[in-house]
Colleague: 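I'd like to ask some things about the structure below.
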Number of protein chains: 2
Amino acid sequence: MSSSVQRKRVRKTPEARRAEIVETAARVALTEGLECVTLRRIAEELAVRPGLISHYFPSAEDLVGEAFSVAATGELDALLPADRPHGTPTQWLARYFALSAGEAYDDISRLWINARHLSRYRPVLRDRVTEQELASDDRLEQVIREGVARGEFRTDDPRATAIQILVVLDGLGAHANSDRTDRPEAVTRMALTTAERELGLPHGALTDVPAPPEPA
Amino acid sequence: MSSSVQRKRVRKTPEARRAEIVETAARVALTEGLECVTLRRIAEELAVRPGLISHYFPSAEDLVGEAFSVAATGELDALLPADRPHGTPTQWLARYFALSAGEAYDDISRLWINARHLSRYRPVLRDRVTEQELASDDRLEQVIREGVARGEFRTDDPRATAIQILVVLDGLGAHANSDRTDRPEAVTRMALTTAERELGLPHGALTDVPAPPEPA
DNA sequence: GATGCTATTGAGTGTGCGACCAATAAGCAA
DNA sequence: TTGCTTATTGGTCGCACACTCAATAGCATC
């Protein structure tokens, strides 16, 4: 009879409930920011009471950390999957940079800025950030190693090269919340330029390349 | 007789009061973060009532924006003064990178991360961030132009070069809240390497240089 | 259909925030 | 000294937050 208030309670298994809480928190973190991952906000999304979120995450800080990890892992997998049964390192790297230049990458940049800032105050989140940074380094390093092994790339220190590329991407992403329309070509191409230089590739080697088979 | 409560009220000129509010807010912003710039916090620092801060800044958001601007301007002037009566562009640039590698630079990096993130939600702050970014670009571009004019540097596009250097510095500074002890040499030197490359300088040209006369 | 476990609710605590406003007193000018 | 302007106070309101806990009800089991 009354308005839209939901009175019926739905009882789920702890695993299922926890999973949907984390999933929702990750989505909110990515789209609206980590400070929007609050007990009330997530509870409202799931049409449950805030106390329930507390039940699964006695400390809200843990939920925020988990939300970031899940979101960051998902985005990393989308940018550069760990499983690359087909396609060459050059193709995957080219795809990575193409995605990094797109609009969708702004959400990821924002998430990272968000997490890196918030980790100033929240130790739990700081650990997660460090963890995810290592994961990104590892992933990119691995692709570079494969490329070196195949003779596609040339570098003495694959890890240092990976980190350098990521530093440039971080630098470019730092402005995800401001206007960047009038950025010089040399700047927008910085990540590509860095990769080409550090990997001993000719100009255009990472742009004039067919896309690898899309992951399932 | 009682404890430390201060009952005597001190009346200052609006200009003086406003100045000390802004100064305090800038200090808090730099050392503890922009979210600590609250009416209550600044009032406590100055031993006045929160209402007084509201009196000078009817919208708290304006105070935060002002705090950031003042802090960022101060730090920019410390890193690379606008007035450089003595010393060469090479010397000033070398000094700039030396300071950028020091501990004290972490506070600045943190402030920028902080502001760039918060500007996602606060339009007032976003404008200030854009403003300060332009100021940094301009300052660095100017030094580069002087160096080009003197024949010390060589670049086709001083502004693009300036922005590229700043992108690298932003990328390196992004990790100001995490541990960066085991960073490869090639990474820690990235800003220098970028500058040397883009300015047509030999390796070491920006490190093996006497310091310019310190500004007053 | 009754029972027990526990996922979920409802209600409440305490904190910190910005914003608002009438009352007060500091210090200048008459 | 008196009076006036206004910088400053003190108190209040509403909101959002995390956290706690006894009471409730969904659901599997018997």
Side-chain angles (χ1 to χ4, degrees), chain A residues 2-25 28-29 32-68 114 118 121-125, chain B residues 2-25 28-29 32-68 114 118 121-125:
Chain A
S2 75
S3 55
S4 61
V5 289
Q6 182 165 346
R7 56 195 78 261
K8 194 72 167 25
R9 57 168 77 170
V10 181
R11 189 189 177 106
K12 304 196 175 183
T13 68
E15 300 74 37
R17 188 61 93 183
R18 191 183 179 91
E20 76 175 4
I21 290 174
V22 169
E23 187 186 358
T24 302
V28 170
E32 299 172 48
L34 290 164
E35 25 275 289
C36 294
V37 177
T38 66
L39 303 185
R40 285 172 169 75
R41 184 74 173 71
I42 304 303
E44 193 186 11
E45 289 281 323
L46 295 171
V48 298
R49 307 273 95 208
L52 184 60
I53 313 296
S54 283
H55 175 70
Y56 287 96
F57 290 89
S59 165
E61 195 171 345
D62 291 336
L63 176 57
V64 174
E66 191 68 16
F68 168 72
N114 195 169
L118 229 53
Y121 308 102
R122 311 207 188 192
V124 176
L125 188 58
Chain B
S2 76
S3 55
S4 62
V5 290
Q6 181 164 346
R7 56 197 77 260
K8 195 72 167 28
R9 57 168 78 170
V10 181
R11 188 187 177 109
K12 304 196 174 183
T13 68
E15 299 74 37
R17 188 61 94 182
R18 191 182 179 90
E20 74 176 3
I21 290 174
V22 169
E23 186 186 0
T24 302
V28 171
E32 300 172 47
L34 290 163
E35 24 276 288
C36 293
V37 177
T38 66
L39 304 184
R40 286 171 170 76
R41 183 75 173 70
I42 303 303
E44 193 186 12
E45 288 281 323
L46 294 172
V48 298
R49 307 273 94 209
L52 184 60
I53 313 297
S54 281
H55 175 70
Y56 287 96
F57 290 89
S59 165
E61 195 169 346
D62 290 337
L63 175 58
V64 173
E66 191 67 17
F68 168 72
N114 195 169
L118 228 55
Y121 309 102
R122 312 209 187 191
V124 177
L125 188 57

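In what follows, every heavy atom counts, from backbone to side chain, and hydrogens, waters and symmetry copies are set aside. Chain naming here is simple, since letters A, B, ... match the order of the sequence lines and numbering starts at 1 in each. A quick note: this is a predicted structure, and the numbers were derived from the prediction, not measured.
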Colleague: Tell me the interatomic distance from R18(B), atom CZ, to dT8(D), atom C1', rounded to whole angstroms.
Modeller: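 Value for this atom pair: 16 Å.
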
Colleague: Could you state the CD-P distance from E20(B) to dA7(D), rounded to the nearest angstrom?
Modeller: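 To the nearest whole Å, that distance equals 14 Å.
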
Colleague: Expressed as a whole number of angstroms, how long is the span from L46(A):CG to dA7(C):P?
Modeller: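 In whole Å, dA7(C) P and L46(A) CG are 16 Å from each other.
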
Colleague: Taking only side-chain nitrogens and oxygens of R17(A), does any of them come within less than 4.0 Å of OP1 or OP2 of dT8(C)?
Modeller: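 R17(A) to dT8(C) OP1/OP2: side-chain N or O found under 4.0 Å.
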
Colleague: Hey, is the main chain of L34(A) close enough, under 3.5 Å, to the side chain of N114(A) for a donor-acceptor pair?
Modeller: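 Answer holds: yes.
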
Colleague: Just call it for P50(B): base, sugar-phosphate, or nothing, with non-hydrogen atoms closer than 4.0 Å on any strand.
Modeller: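 Here P50(B) touches no strand at all.
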
Colleague: I would like to know whether R17(B) and L52(B) meet side chain to side chain contact (heavy atoms under 4.5 Å, CB included); could you show each step before the answer?
Modeller: CA-CA 10 Å; R17(B) 188 61 94 182; L52(B) 184 60; 3.7 Å; yes

Colleague: Below 4.5 Å, heavy atoms only, C-beta onward: do V124(B) and V64(B) meet side chain to side chain?
Modeller: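 Not in contact.
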
Colleague: Looking at F68(A), does the NZ or CZ of R122(A) lie under 6.0 angstrom from its six-membered ring centre and within 45 degrees of the ring axis?
Modeller: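 Cation-pi check for R122(A) and F68(A): fails.
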
Colleague: Rounded to the nearest angstrom, tell me the gap between atom CG in L52(A) and atom P in dT24(D).
Modeller: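 Result: 18 Å.
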
Colleague: Once rounded to the nearest 0.5 Å, what's the spacing between atom CG of L39(A) and atom NE2 of H55(A)?
Modeller: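 Going from the CG atom of L39(A) to the NE2 atom of H55(A) covers 13.5 Å.
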
Colleague: Compare the minimum distances between each of dT20(D), dT8(D), dA18(D) and the side chain of R11(B), then state the nucleotide with the smallest one.
Modeller: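 The answer is dT8(D).
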
Colleague: Using a heavy-atom distance cut-off of less than 4.0 Å, which residues of residues 34-45 of chain A contact DNA chain C?
Modeller: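 None, since no heavy atom is under 4.0 Å.
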
Colleague: Atom CG in L46(A), atom OG1 in T24(A): separation rounded to 0.5 Å?
Modeller: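 L46(A) CG to T24(A) OG1: 4.0 Å, rounded to 0.5 Å.
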
Colleague: In whole Å, what is the span from the CZ atom of R49(A) to the C1' atom of dA22(D)?
Modeller: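 Going from CZ in R49(A) over to C1' in dA22(D) covers 17 Å.
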
Colleague: How long is the span from the CZ atom in R18(B) to the CG atom in L63(B), to the nearest 0.5 Å?
Modeller: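 One finds 9.0 Å between CZ of R18(B) and CG of L63(B).
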
Colleague: Any chance you could measure Y56(B), atom OH, to E66(B), atom CD, to the nearest 0.5 Å?
Modeller: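 It is 14.5 Å, given to the nearest 0.5 Å.
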
Colleague: Whole-Å distance between dC17(C) P and F57(B) CZ?
Modeller: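 Spelled out: CZ on F57(B) to P on dC17(C) is 18 Å.
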
Colleague: Check this one for me: any side-chain N or O of Y56(A) less than 4.0 Å away from OP1 or OP2 of dA7(C)?
Modeller: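 Checking Y56(A) against dA7(C): no side-chain N or O falls below 4.0 Å of OP1 or OP2.
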
Colleague: Could you tell me how far apart K12(B) (NZ) and dT9(D) (P) are, to the nearest whole angstrom?
Modeller: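 Going from K12(B) (NZ) to dT9(D) (P), I get 11 Å.
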
Colleague: Looking at H55(A), does any N or O in its side chain come under 4.0 Å of the phosphate oxygens OP1/OP2 on dT8(C)?
Modeller: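 Answer is no, no contact under 4.0 Å.
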
Colleague: Once rounded to the nearest 0.5 Å, what's the spacing between atom CG of L125(B) and atom CD of E61(B)?
Modeller: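 The CD atom of E61(B) is 7.5 Å from CG of L125(B), to the nearest 0.5 Å.
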
Colleague: With no hydrogens and no angle check, is any side-chain donor or acceptor of R49(A) less than 3.5 Å from a backbone partner on A43(A)?
Modeller: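 It does not hold such a pair.
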
Colleague: Grab the stems for DNA chain C, please: at least three consecutive Watson-Crick or wobble pairs, both distances below 3.5 Å, written as range with range.
Modeller: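 DNA chain C stems, ordered by first number: C:1-30 with D:1-30.
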
Colleague: Under 4.0 Å between a side-chain nitrogen and a carboxylate oxygen: does that hold for R41(B) and E45(B)?
Modeller: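 So R41(B) pairs with E45(B) through a salt bridge.
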
Colleague: What are the atom names and distances for every N/O pair under 3.5 Å that joins the protein to nucleotides 22-24 of chain C?
Modeller:
residue	atom	partner	partner atom	Å
dT24(C)	O2	R9(B)	NH1	2.7

Colleague: Can you tell me how far the CD1 atom of I42(B) sits from the CD atom of E20(B), to the nearest 0.5 Å?
Modeller: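 So the CD1 of I42(B) and the CD of E20(B) are separated by 11.0 Å.
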
Colleague: Give T13(B) one of three labels, base, sugar-phosphate or nothing, depending on what nucleic acid heavy atoms sit under 4.0 Å from its own.
Modeller: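 No contact.
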
